[in-house]
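Report on the structure given below.
Small disclaimer: the values here were computed from a predicted structure and weren't measured. Below, read A as the first sequence line, B as the second, and so on, with proteins coming before strands; counting in each chain starts at 1.
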2 protein chains.
Amino acid sequence: MPRDGTTTRTRILDVAERLVIDNGFAATSVDEIIEASGTSKGSFFHHFSSKRDLAGELVQRYADADVAVLRRALAEVETVADPVERVLAFVGFFVDQADQLMTEQSNCLYVAALTERQLVSDGATGPVGRAVEAWRADFASLLDAALAARGRTGEVDSGALADHLFVTFEGAFLLCRSTGDPSHMRAQLTSFRALLAALLRE
Amino acid sequence: MPRDGTTTRTRILDVAERLVIDNGFAATSVDEIIEASGTSKGSFFHHFSSKRDLAGELVQRYADADVAVLRRALAEVETVADPVERVLAFVGFFVDQADQLMTEQSNCLYVAALTERQLVSDGATGPVGRAVEAWRADFASLLDAALAARGRTGEVDSGALADHLFVTFEGAFLLCRSTGDPSHMRAQLTSFRALLAALLRE
DNA sequence: CTTGTATCAGACTGAACGGTCTGCTACAAC
DNA sequence: GTTGTAGCAGACCGTTCAGTCTGATACAAG
């Protein structure tokens with residue numbers, strides 16, 4: 001049975017995730033992943049049928065972790081009574097974690113997955129799309145509750161506004177890369193919260 | 001002298017831009033570019049010393065065009081008297097062009113340039129960074145004027161708020177890709193304008 | 001102890017890639 | 001007309017890559 005099976009497998013996934021996030025998918029060779037994870041060709045292709053297969057699992061795992069963060073944030077703000085403040089606390093949750101996030105990863109795997117579409121397994125944008133929809137659905141209902149509490153239901157497109165959190169994350173990743181300054185992540189999330197505060201409190 | 005020189009060169013650049021935007025830089029082979037532009041290896045390497053060289057010129061040209069759009073937008077809203085309305089008209093300029101933009105390109109070249117860093121010529125993120133700074137500088141001064149007109153100078157980080165337009169563009173490109181729906185570009189720019197309106201008019 | 005199987009190692013292969021080289025073609029200068 | 005050169009064509013080359021294959025190793029079951 002497993003000598004070191006699951007460990008090797010996850011080590012490959014971890015190393016590959018880091019490399020793909022840093023350099024892109026096509027620019028990351030299997031040999032590179034093997035060397036960085038201290039394993040071999042035989043081991044790699046024992047665990048993954050192809051490079052595309054690895055990419056698919058990578059995206060799936062990343063999207064799952066992403067949705068898990070969403071759930072954690074929702075649980076965190078559940079206790080905030082006022083719906084408007086709950087929305088702001090929800091975004092604030094990510095503001096607080098922004099700096100740590102940027103020390104852990106220099107970019108989002110989604111960016112590579114969406115840019116190098118044909119390189120990841122065919123339906124690999126599927127998990128991304130589903131994650132986006134999960135964020136939209138949950139955040140939009142927070143926003144709807146806040147708008148309803150102020151008697152302003154229907155005044156704004158809560159779906160688009162909810163998507164704007166994803167947009168802020170992805171855009172901020174690219175902004176950080178273009179300037180080399182990871183502090184932009186926190187700054188952009190803070191701006192978004194300030195904008196939301198103005199909209200919901202006006 | 002030139003038989004068809006400048007035409008062939010720009011045709012290669014045009015075709016390469018489209019392919020790189022669609023599929024990424026590493027996934028676009030020189031052979032592919034040659035075939036799609038109806039030219040040959042000899043011609044390609046006569047005009048560009050390497051694939052990286054092409055990438056560098058591609059990014060430079062794209063960034064120049066990007067800054068040109070900024071200048072056009074600024075000129076367009078110059079006549080708007082009220083500083084707050086001028087800011088909203090500035091963003092509105094892009095809202096109006098969003099749908100057309102998405103028919104012309106399915107993504108932003110910046111995304112590929114920033115993701116596949118090592119593949120484009122060494123300083124290729126330079127032009128991107130300079131373009132970002134140009135947008136920030138010009139848009140931030142519009143924002144500062146609007147804040148000053150309402151006697152609220154210093155209340156918000158106008159630099160970060162200005163960067164948020166870039167963030168919205170790039171994030172919306174990825175959102176469109178993840179859902180396959182190009183209408184998100186317009187929706188996100190519209191949301192950003194609505195948020196700015198709430199902030200500046202409150 | 002033997003057998004079966006999951007795991008891993010690494011030499012090898014065929015294809016694709018970026019880039020080179022030789023030479024052709026059209027035009028300009030004289 | 002001759003010569004020089006920018007522009008272009010495409011065969012060719014060395015390397016790198018994803019993926020295969022043969023076999024070793026360790027452990028579980030009987």
For [X] and [N], give me the distance from atom [atom1] to atom [atom2], rounded to whole Å.
X: A/Ile34; N: D/dC17; atom1: CD1; atom2: P; answer: 11 Å
X: A/Leu54; N: D/dA18; atom1: CG; atom2: P; answer: 11 Å
X: A/Glu35; N: D/dT16; atom1: CD; atom2: P; answer: 13 Å
X: B/Phe44; N: D/dC12; atom1: CZ; atom2: P; answer: 22 Å

Sort and list the pairs that fulfil side-chain hydrogen bond (donor to acceptor under 3.5 Å, both in side chains) and have at least one residue in residues 78-97 of chain A, not counting sequence neighbours.
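Applying side-chain hydrogen bond (donor to acceptor under 3.5 Å, both in side chains) to every pair that reaches into residues 78-97 of chain A, excluding sequence neighbours, yields A/Glu85-A/Arg201.
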
If only side-chain N and O atoms of [X] are considered, is one of them under 4.0 Å from the OP1 or OP2 phosphate oxygen of [N]?
X: B/His47; N: D/dC8; value: yes
X: B/His46; N: D/dA9; value: no
X: B/Thr8; N: D/dG7; value: no

Residues in ring-ring contact (aromatic ring centres under 6.0 Å, His included) with A/Phe45, at least two apart?
none

With sequence neighbours excluded, tell me which residues meet ring-ring contact (aromatic ring centres under 6.0 Å, His included) with B/Phe44.
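ring-ring contact (aromatic ring centres under 6.0 Å, His included) list for B/Phe44, sorted by chain: B/Phe48.
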
Pair B/Gln105-B/Tyr62, side-chain donor/acceptor within less than 3.5 Å
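There is such a pair (donor and acceptor under 3.5 Å, judged by atom type) between the side chains of B/Gln105 and B/Tyr62.
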
Using a 4.0 Å heavy-atom cut-off, write out nucleotides 13-18 of chain C from 5' to 3' as B (base contacted by protein), S (sugar-phosphate only) or - (no contact).
----SB

What salt bridge (Lys or Arg N to Asp or Glu O under 4.0 Å) pairs are there with at least one residue in residues 158-183 of chain B, not counting sequence neighbours?
B/Arg136-B/Asp163

Checking A/Gln100 now: which residues fulfil side-chain hydrogen bond (donor to acceptor under 3.5 Å, both in side chains) with it, not counting sequence neighbours?
A/Glu104

